[in-house]
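Take a look at the structure set out below.
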Amino acid sequence: MTAASRPSGYVPLLMRLDRGGMVLLSVLAAAAIAVPALNLLMPPDSPFHVPTYLVSLWGKYLCFALLAVSVDLVWGYCGILSLGHGAFFALGGYAMGMHLMRQIGDRGVYGDPILPDFMVFLDWDQLPWYWHGFDSFAFAALMVLLVPGTLAFVFGWLAFRSRVTGVYFSIISQAMTYALLLAFFRNDMGFGGNNGLTDFKDILGFDLQADGTRAALFVASAIALAGGYLICRLMVTSKFGRVLMAIRDGESRTRFLGYRVEMYKLLVWTVSAMMAGVAGALYVPQVGIINPGEFSPANSIEIIVWVAVGGRGTLYGAALGGVLVNYGKTYFTGAAPEIWLFLLGGLFIAVTLLLPKGIVGTLSQWWQGRRGFGLRKRARPAVPASEGGAAE
Amino acid sequence: MNVGLPEAIAAEQGIVLYVDGVTVSFDGFKALNNLSYTVRTGEMYAVIGPNGAGKTTMMDVVTGKTRPDSGQVYFKQVHDLTRLDEAAIANLGIGRKFQKPTVFENHTVMENLELALKSKRGPFASLFFRLTPERADRIDEVLTTIGLTGQRQAMAGTLSHGQKQWLEIGMLLIQEPELLFLDEPVAGMTDAETEQTSELLRQIAGKHSVVVVEHDMAFVRALDVKVTVLHEGSVLAEGSLDHVQNDEKVIEVYLGR
Ligand SMILES: Nc1ncnc2c1ncn2[C@@H]1O[C@H](COP(=O)(O)OP(=O)(O)OP(=O)(O)O)[C@@H](O)[C@H]1O
Ligand SMILES: [Mg+2]
């Protein structure tokens, strides 16, 4: 037995990356340096200048990519098809939005030093209890993790313990985001109702309209995506990840091996929700608004399309899908807004039928086909074609 | 913690599994009907019976998949299995091989064994799990026992039917259970594979208590252990294979046809 053929106990982080993951991290590192440099250092008339609106647009794509990675963690590796991840994204966004609202201070239209404009408009005379603390960035940042994390924990505890799985789980996750959509639309909930939270001025004392702030938010999004990716990668390459995949392929079989399936699902589901929350929190200052529309069921379904298009069960494929589909969305909603939804639907059907493994799955299959050897060991399918490899 | 278990049984040593008066019905149909039997420590039993006799259902009850409508199921005299879930029962030391081979097809042979390897089962323990040299040795040992050393890195889905059955038996062994249930371990195997499997099971016997469900009479004869005949959810006859094969009732419902 040679050392090389036997996995050792400790696997360094770098060795846990696959080729796609290395490409993803390299591209993110390059973008985090080049984009701010080309935006801030190049004169506006230079052909190399990256305009600020593009910096924020791509920063937004990176947030979506992080959201897609969080969905891939639960769907691609554990088979939990969430149709409600938009809710965790939106909650993270609202937590950040509440902080940005409190930062406005007396610079609002009504000039109230404490109350956000919409509360003055509603004739409220004091801040609701759940708005307290959000003047502190640290508190808000904690809430970005805790609010989606707690909701996911409670929801997951109830669902996984009663063994709600498959399409039933998907439906109740959709119901969860729909219920939040309705709740956040109500003015008396205290989150700005229909209009949501907007008119933000600054973050950590930096003007949100300033180029430097925008570039910093872009870099923060790139770091968050890289960090989120690495956390997921560490999880899925550990034995924990192999248990997740076992649950995906044969939940009941996994129980008979002595694993408490609900505990695994609960942990990965909660971590995923917190990642989605971070994505939402970085998204809000870059787009300048958060409103209840983010809770709409269609948003959550779109995330599934991103992951399916990119390639489920690869993490980096999900990130790619998140960026590509949203790039397409920006392009087509500009060029031909009325056809976007048809395109999105068509894209989903086309990918499901023609590229069941998504873009990266198809590419890597083609690559391995060309090399034609070493197949047996490498050819672990990201997600088995037929689920239930170990179902009884 | 001797809740409800009859004194006489509790006092009697060497009983690893005690099943008494278990009834399971599905929509009024009694898959198990007042079934009682005991398994002694370190002994191997064969269970035979026609299709639908309740053999798999009996395993389902012991391993926590199905809750009995009535009756008692005790493991090692103190653990009431009717109150525990699948994971808890597995962790007490009861392993199971399914009727259809159920290995994880998208994991390698090695990873399948690693999943089954006796170790802490919690999510955090798995996050920080390390394949220490002792653990790797244990996996090598079992790979040798089940004859799959050459397939260590192969996807379990690429194995032949017989190899999958062996891998599943290997997964059972590496869990180090005290009590093993094997549901039709040689179904669909070639004669040569069947022969190797009975050899394998003979190695296992003695170290563990084993219950083997099987239709293949030649295989049951080769095992040479006490036979229990199930019929319509209860025990029809018990004893050596020769004894039950000459039993009038058994000939009528099962062997005679
Ligand atoms: N979940 C269930 N729902 C309804 N009926 C069931 C269920 N499980 C088992 N049965 C019925 O209970 C009876 C006993 O089934 P079981 O699988 O235990 O038989 P078996 O002895 O293992 O048969 P075989 O030799 O075919 O494997 C059968 O008639 C079966 O149809
Ligand atoms: Mg059966």
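Numbers restart at 1 for each chain; the letters A, B, ... are given by sequence-line order, proteins then strands. The structure displayed is predicted, hence computed values, not measured ones.
Ion pairing of A:E251 with A:R255 is present here, as a side-chain N (NZ or NE/NH1/NH2) and a carboxylate O approach within less than 4.0 Å. By the 4.0 Å N-to-carboxylate-O rule, B:K118 lies too far from B:E134 to be salt-bridged with it.
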Begin from the C-alpha positions of B:Y45 and B:Y37 and carry the test side-chain contact (heavy atoms from CB on, under 4.5 Å) through to its verdict.
CA-CA 11 Å; B:Y45 301 78; B:Y37 70 97; over 6 Å; no

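For B:E114, the parts sitting under 4.5 Å from any heavy atom of chain A are the backbone and the side chain alike. Residue contact with chain A, scored on non-hydrogen atoms closer than 4.5 Å, is absent for B:N112. Of the atoms belonging to B:T149, not a single heavy atom falls under 4.5 Å from chain A. Neither the backbone nor the side chain of A:T237 comes within contact range of chain B; no heavy atoms are under 4.5 Å apart. Residue A:L267 touches chain B through its side chain alone, counting heavy-atom pairs closer than 4.5 Å. At a 4.5 Å heavy-atom cutoff, the contact between B:F124 and chain A is made by side-chain atoms alone. With a 4.5 Å cut-off on non-hydrogen atoms, B:A125 does not touch chain A at all.
Put simply, of B:P123, B:G157, B:P177, B:A90, the one with the most heavy-atom pairs under 4.5 Å next to chain A is B:P123.
Taking the ring centroids of B:Y18 and B:F75, they lie at or beyond the 6.0 Å cut-off. A:Y229 has its ring centre no less than 6.0 Å from the ring centre of A:Y316.
Under a 3.5 Å cut-off, the side chain of A:W269 and the backbone N or O of A:V74 do not form any donor-acceptor pair.
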